[in-house]
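Basis for what follows: all heavy atoms, side chains included, without hydrogens, waters or symmetry-related copies. Remember, it's 1-based here, ligands and their atoms both numbered in the order they're listed.
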Amino acid sequence: MELVRLPRYAVRITDELPAWGDLGLSHQISKVVVLVDDHTSEHCLPLLPADWPVDEVITIRPGEEYKNLETCRGLWSSLLDMQADRHALLINLGGGVIGDMGGFVASTYKRGIRFMQMPTTLLSQVDASVGGKLGIDHHGLKNVIGTFQDPVHIVACTRFLETLPFEQLRSGFAEVLKHGLIADRQYWESLKNTDLHNTYDWQDIIARSVCIKREVVEEDPYERGKRKVLNFGHTIGHAIETWMLTEADEPLLHGEAIAIGMICEAWLSVKDAGMSEKALTDITQVIRKYFPATQFDPSIYDALYNLMKQDKKNDSEGIRFSLLREPGDCGFDYMVSEEDVKGALEYYNNP
Ligand SMILES: NC(=O)c1ccc[n+]([C@@H]2O[C@H](COP(=O)([O-])OP(=O)(O)OC[C@H]3O[C@@H](n4cnc5c(N)ncnc54)[C@H](O)[C@@H]3O)[C@@H](O)[C@H]2O)c1
């Protein structure tokens, strides 16, 4: 078991779920409510130790398409129906969708009740559950409504990963690779030969990634500066994710889109942030080893560029990128021209 401490809570990374008494929750708790989706209800809920005092379970449909106001309305109503008061604790047992939405519902119900994050996907264990960002999608835009609020505790148990479909595991691994690239060259080197198909000791990887995210969010909790390095690969990746979902009708998982974005933004890193060509070749080969290539017709480059311009992280001056000075060292707020963005997409097609 590893415990990573943040100022107001700790992340417990463990191979076995702890007994309730070992969680160290000292607050008065009137009711314990667990939020799951259909998949985590089947695979994760049965793993909770028998001494956990669960009073109620709320189950929702799985998937990003349910991360919206309609589902929140149902959740607030359920909490009211079960007479949850301000001392109730909501345990979000699921991937990033459950964590983001359950946290948002908890942070707004009766002006805020306590919640605990129990991330069950690799992506949510290394990324979504840490950092206090909560929210839902609205009008086709991702995470546009939300709050910043810390959980009382995070429990990331590697046993949950045993039932996770391979593509979901690999999607989370894209964020792990990103952590190495933006902050720790040695970590990046150590990740190059990870065998995702075999059982793996995930505890060390999750702990290292959580530490990297902690360092970044502690320095800049509200994304005014340094936190932007976490967006490496995401400016182009998000545009591709949205385009594939809304225009191509061939949705990619988040990490699959970010893997493409990281290759493109590594090319921009050579052009605009001084990274070496050798590092670009290395990054491209490693990411391609895990994520097979997709081809994008050049006729969609304009549409992708327009999607990037709509990203809520931009300001009136143009599109800003987080780029690598070298593997393990990332800067932010690089202004990049439209021509270079298209050059990066072209590089992805023909490295
Ligand atoms: N708050 C943040 O800082 C932050 C950061 C990154 C991503 N996110 C958000 O996270 C979400 C994506 O998270 P995700 O990739 O975890 O997706 P997800 O929550 O949709 O989970 C993926 C799928 O795996 C299933 N699943 C979860 N755990 C399982 C398990 N142990 N065994 C079997 N199946 C399981 C889920 O039911 C779902 O079908 C997005 O909404 C994204 O916006 C938030």
Side-chain angles (χ1 to χ4, degrees), residues 6 11 17 35-48 59-68 71-72 92-104 107 115 117-138 141-151 154-176 178-179 202 206 209-210 212-214 216-217 220-223 227-228 230-234 237-238 241-242 245 251-259 261 311-313:
L6 283 93
V11 187
L17 284 166
L35 175 63
V36 286
D37 66 25
D38 292 332
H39 299 142
T40 60
S41 166
E42 181 185 346
H43 299 295
C44 306
L45 193 58
L47 300 184
L48 293 191
T59 308
I60 60 171
R61 307 277 296 277
E64 186 76 27
E65 63 269 41
Y66 296 101
K67 190 178 153 183
N68 57 29
T71 312
C72 290
N92 298 314
L93 181 62
V97 167
I98 289 281
D100 277 16
M101 185 161 52
F104 173 66
S107 75
F115 62 98
Q117 300 294 47
M118 289 195 72
T120 60
T121 61
L122 182 60
L123 185 114
S124 55
Q125 294 187 346
V126 298
D127 188 6
S129 63
V130 184
K133 275 190 186 179
L134 311 165
I136 54 168
D137 307 336
H138 192 58
L141 297 169
K142 273 188 65 124
N143 302 324
V144 279
I145 297 179
T147 51
F148 276 99
Q149 186 72 52
D150 288 328
I154 301 180
V155 179
C157 179
T158 57
R159 276 195 69 195
F160 294 138
L161 302 180
E162 289 167 15
T163 52
L164 198 60
F166 171 74
E167 285 74 19
Q168 294 289 350
L169 188 81
R170 189 178 62 172
S171 172
F173 192 65
E175 296 289 352
V176 170
K178 182 196 78 180
H179 289 142
W202 285 105
I206 296 165
S209 275
V210 166
I212 288 172
K213 185 146 184 196
R214 173 189 65 178
V216 174
V217 299
D220 175 23
Y222 300 111
E223 201 167 310
R227 189 168 178 155
K228 293 179 189 173
L230 294 170
N231 296 331
F232 172 67
H234 283 59
H238 269 157
E241 190 178 7
T242 304
L245 179 71
L252 289 177
L253 292 179
H254 178 70
E256 293 169 339
I258 296 318
D311 192 308
K312 63 181 177 298
K313 295 184 189 77

Protein heavy atom at shortest distance from atom 30 (C) of ligand 1: T163 OG1, 3.5 Å
Regarding N143 and K133, is there a side-chain donor-to-acceptor distance under 3.5 Å anywhere? no
What part of K213, side chain from CB on, backbone N/CA/C/O, both or neither, has a heavy atom under 4.0 Å from ligand 1? side chain
For R170, salt bridge (charged side-chain N to carboxylate O under 4.0 Å, His left out) partners two or more places apart: E256
E175 side chain to H234 side chain, donor-acceptor N/O pair below 3.5 angstrom: yes
Quick one: look at H254 and ligand 1, take heavy-atom pairs under 4.0 Å, and tell me if it's side chain, backbone, both or neither. neither
If you scan protein heavy atoms around atom 23 (C) of ligand 1, the nearest is Q168 NE2, 3.6 Å
Residue pair S171 / H254, side-chain donor-acceptor N/O under 3.5 Å: no
Applying a 4.0 Å heavy-atom criterion (strictly less than), which segment of A128 is in contact with ligand 1: side chain, backbone, both, or neither? both
Can you tell which of L164, L123, I258 gets a heavy atom nearest to atom 26 (N) of ligand 1? L164
Examine the side chains of T147 and S107 and answer whether a donor and an acceptor come within less than 3.5 Å of each other. yes
Which residue and atom name correspond to the protein heavy atom nearest atom 28 (N) of ligand 1, and how close is it? T120 OG1, 2.8 Å
Of the backbone atoms (N, CA, C, O) and the side-chain heavy atoms from C-beta on, which set of N143 has a member under 4.0 Å from an atom of ligand 1: side chain, backbone, both, or neither? side chain
Heavy-atom pair with the smallest gap, counting every atom of F160 and L17: CZ-CD1, 3.9 Å
Heavy-atom pairs closer than 4.0 Å: do any link ligand 1 to the side chain of S171, the backbone, both, or neither? neither
Best match, E175, E241, H39: closest heavy atom to atom 38 (C) of ligand 1: H39
